[in-house]
Amino acid sequence: MQLEVLNYEKLRNRDEKESRKLLRLSSDAGIFFLDLRGAGTTDLLSGLQPVIEAQRVFFAQDSASKQAFASELEGRGYDSFDEVSVQRLKLSREQQIQGSLKLPPSLEPVQHELATVVSSTDAVLRDMTTMLCGLLDPPIATTCVDNPERPGISNVCLGLADGLPGTALMGSHLDDDLLTITFYDEPFLEILDEKDSQWKLVEVFEHLPIVNVGTTLQRASNNRLRAPYHRVVQTPSPINLIMYDLNACPA
């Protein structure tokens, strides 16, 4: 299945046509490809591959080394789902800002690249959320995103899935946040096509990340913006991904 593409460089420059497209896609499908290629995002894009290579090293370590970074706090730490061969490492944006984020040794060599990816991605999603709040008629308050120094439970999730092809890794669900962006290298995401009630696989397109609306933004918009149902399946090749969840600033 092919998603529509939004150009962030045009959005950043407040191109009227692209802005209307952002509102339309966020209201109808609730999911789209985001083209981040542009002058303001060069460092973000160049940092992705070094981070992916470093997270592969981390996930290949023994269980004890990885469990040392587990956490009981929401949106933080290492966890795994051995029955489907999924591993995740969630890193808190709040801890990163405060300077208290402890990285595994395998990620320390790419600390700069990781910080750039996270801070730049946070800024992009925060900008897009602010735009959407203002594009609605009537508009809604931007208090949920107007303080980047208070990111709440926003986090970056580094993930690896390498189970049997066709395995259901995550069933039908909605993301409970404002916006989610996912950088990935293998087709893994299926979305429910409401036209025929069939699940459709989203193919990789020019290695563009996927952005989708979450339920927090849907509720804030009084259901004028749409959080789409989606699910995750294992491909023949391992799935490496970097996902950022933008959550609302604390009240």
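These numbers come from a predicted model, not from an experiment.
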[X] with [Y], same ILVMFWY side-chain cluster at under 4.5 Å:
X: Ile31; Y: Val211; value: no
X: Ile239; Y: Val117; value: no
X: Met243; Y: Leu48; value: no
X: Leu22; Y: Leu36; value: yes

Within a 6.0 Å radius of atom [atom1] on [X], are there more than 12 heavy atoms belonging to other residues, nucleotides or ligands?
X: Glu74; atom1: CD; value: no
X: Tyr229; atom1: OH; value: no
X: Glu16; atom1: CD; value: no
X: His173; atom1: NE2; value: yes
X: Leu73; atom1: CG; value: yes
X: Gln67; atom1: CD; value: yes

Worksheet item: Between the side chains of Thr180 and Asp245, is a donor N or O closer than 3.5 angstrom to an acceptor N or O?
Response: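 Result is yes, a qualifying pair exists.
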Discussion item. Regarding Ser119 and Asp122, do their side chains bring together a donor and an acceptor under 3.5 Å, going by distance alone?
Written reply: no
Practice prompt. Would you please classify the geometry between the Phe59 ring and the Tyr78 ring as parallel, tilted or perpendicular, with 30° and 60° separating the classes?
Written response: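 The rings of Tyr78 and Phe59 sit tilted, inter-plane angle from 30° to 60°.
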Item to complete: Any salt bridge (Lys or Arg N to Asp or Glu O under 4.0 Å) involving residues 195-216? Give me the pairs, sequence neighbours left out, ordered by first then second residue.
Response: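 Found Arg37-Glu206, Asp193-Lys200, Asp196-Lys200.
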Worksheet item: Does the side chain to side chain contact (heavy atoms under 4.5 Å, CB included) test come out yes or no for Leu3 and Ile210, once each step is laid out?
Response: CA-CA 9 Å; Leu3 302 178; Ile210 296 172; 4.3 Å; yes
Worksheet item: Does any pair with a residue in residues 231-240 pass side chain to side chain donor-acceptor pair (under 3.5 Å), and if so which ones, sequence neighbours excluded?
Response: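 The answer is Arg56-Asn240, Asp185-Asn240, Glu190-Arg231.
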